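All heavy atoms count here, side chains included; hydrogens, waters and symmetry mates do not. Note that this is a predicted model, so its numbers are computed, not measured.
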Amino acid sequence: MEQKHMEAALCGVVVLLVGGIAKAQHQGDVWIGRSSDGKLKISRSGYVPEDNYFTLTEVNGPILWGWAGNSPGFDRITTADPGNDLFLLEAGAEVWLEVVSVDAAFRVIDGAFNILNTPGDETYLGDHTLHVHNTWNIDSTSPLFDPEQCVWQATFILRDKGVTQYEASDLLVFNGFTTVDLQSLSGDFDDDGDVDLDDYEAFAVCENGPGMLPMPDDPGVTTCVVDCLNAFDFDGDRDVDLQDFAVFQTEFDG
């Protein structure tokens, strides 16, 4: 514990360098509200963790190494959405973010310079007016860092420790902190200026059917799901299937 807090203290300056505090509500934040029966929940109008990837920025010290960023942040909703059973937080709420699981070498650094990388670690997000941006970090100096990994996942839960005593949220599964730049679709997997049989080979590795994330397992082509989605998920539904192949065919020029 002492070592964790010593390391966190060193990271304090970087929390400001990497992002700082954003004050205006924006689409890139996780928006938090409550249901009509008093359960914390997030709006699907903001950043939806399980549906989105976020590319972190490469950092090379002097305090953080690997990749880091301070988005997405956490914000409260500012307008009720009764149609989706989503209402504003009430005065007296105290919303905390608790770690359920994190991939190896991934961590969160909060504004108090605490490092969260173990189930049960938690940080205070704020009251009913909350808006906070912590720092997400893929730590390339960790002995558990895998240089072949391209997507890191983390799961959290929101808890209310205030007088409002809202029920804990459903799990917040962040499926996609990545080191790969998100790119516009072209079908040109190898980025050589054409769409040919090499790209077709990559499509075959990436294709996993409707409603299923790609599961590429050929190191000679790629093992990174984001590479597949970048090149071939033409309809943006987080799979590579025959609908995408129909578009790929129109791009094919040999």
Side-chain angles (χ1 to χ4, degrees), residues 1 4-5 8-9 11-12 15-16 18-54 68-103 106-137 152-177:
M1 182 63 70
K4 175 178 286 190
H5 286 287
C11 292
V15 175
L16 298 178
V18 170
I21 302 298
K23 299 195 179 295
Q25 187 178 47
H26 57 85
Q27 197 76 22
D29 286 346
V30 178
W31 293 357
I32 301 173
R34 61 174 177 88
S35 65
S36 58
D37 59 356
K39 180 177 180 177
L40 292 172
K41 64 182 297 186
I42 66 169
S43 170
R44 297 194 69 85
S45 296
Y47 183 95
V48 181
E50 66 267 26
D51 289 349
N52 294 284
Y53 287 93
F54 191 87
N70 81 325
S71 288
F74 294 89
D75 199 356
R76 82 288 188 199
I77 65 166
T78 57
T79 303
D81 182 7
N84 289 303
D85 190 29
L86 189 66
F87 299 89
L88 275 64
L89 300 173
E90 299 168 303
E94 295 180 2
V95 182
W96 289 71
L97 182 74
E98 179 183 317
V99 176
V100 176
S101 63
V102 292
D103 279 357
F106 185 82
R107 58 191 185 170
V108 183
I109 306 169
D110 70 13
F113 316 143
N114 298 305
I115 292 176
L116 290 71
N117 60 1
T118 304
D121 287 348
E122 58 183 8
T123 182
Y124 178 54
L125 296 182
D127 61 14
H128 68 292
T129 64
L130 73 88
H131 189 180
V132 62
H133 284 245
N134 298 315
T135 297
W136 313 98
N137 177 217
W152 278 256
Q153 298 180 336
T155 302
F156 303 91
I157 195 167
L158 298 171
R159 298 192 185 278
D160 176 21
K161 297 187 180 183
V163 297
T164 45
Q165 290 290 293
Y166 296 132
E167 183 183 346
S169 70
D170 293 334
L171 295 179
L172 273 63
V173 182
F174 285 76
N175 276 328
F177 289 101

Of the non-hydrogen atoms in [X] and [Y], which two are nearest, and what is the gap between them?
X      : Y      : answer
Ala68  : Asn137 : CB-ND2, 4.1 Å
Phe87  : Ser35  : CD1-C, 4.0 Å
His128 : Arg76  : O-CG, 3.5 Å
Ala154 : Phe106 : CB-CE2, 3.9 Å
Leu88  : Ile77  : N-CD1, 3.8 Å
Ser71  : Trp136 : O-CD1, 3.4 Å

Exercise. Pick from Val108, Val99, Ile115: which one makes a side-chain contact (heavy atoms from CB on, under 4.5 Å) with Asp121?
Worked result: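 Going through Val108, Val99, Ile115 one by one, the side-chain contact (heavy atoms from CB on, under 4.5 Å) with Asp121 is satisfied by Val99 alone.
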
Exercise. With Leu172, which of Thr155, Ile42, Ile157 fulfils side-chain contact (heavy atoms from CB on, under 4.5 Å)?
Worked result: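 Of all the options given, the one that passes is Ile42.
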
Separation of [Y] [atom2] from [X] [atom1] (nearest 0.5 Å):
X      : Y      : atom1 : atom2 : answer
Leu97  : Leu116 : CG    : CG    : 7.0 Å
Leu86  : Lys41  : CG    : NZ    : 5.5 Å
Leu171 : Glu98  : CG    : CD    : 10.0 Å

Can any side-chain N or O of [X] pair as donor or acceptor with the backbone N or O of [Y] at less than 3.5 Å?
X      : Y      : answer
Asp85  : Ser36  : yes
Tyr166 : Glu90  : yes
Asn117 : Arg107 : no
Asp160 : Glu94  : yes
Asp29  : Gly73  : yes

Quick one: list whatever passes side chain to side chain contact (heavy atoms under 4.5 Å, CB included) with [X], sequence neighbours left out.
X      : answer
Asp103 : Gln149, Trp152, Gln153
Asp127 : Tyr124, Thr129
Ser45  : Trp31, Ser43

Hey, are the side chains of [X] and [Y] touching, using non-hydrogen atoms and a 4.5 Å cut-off?
X      : Y      : answer
Trp96  : Leu125 : no
Ile109 : Asn134 : no
Val30  : Pro49  : yes
Val132 : Thr123 : no
Leu130 : Ile32  : yes
Leu89  : Leu40  : yes

Problem set entry | Ring geometry between Phe174 and Phe177 (parallel below 30°, tilted from 30 to 60°, perpendicular above 60°) |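 Parallel, since the angle between the ring planes stays under 30°.
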
Exercise. Do the charged groups of Lys39 and Asp170 touch, with an N to O distance under 4.0 Å?
Worked result: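 Salt bridge flag = yes for Asp170 with Lys39.
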
For this session: Answer yes when Glu167 and Arg159 have at least one side-chain N-carboxylate O distance shorter than 4.0 Å, and no when they do not.
Result: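 Here Glu167 does not pair with Arg159 in a salt bridge, since their nearest N and O are not under 4.0 Å apart.
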
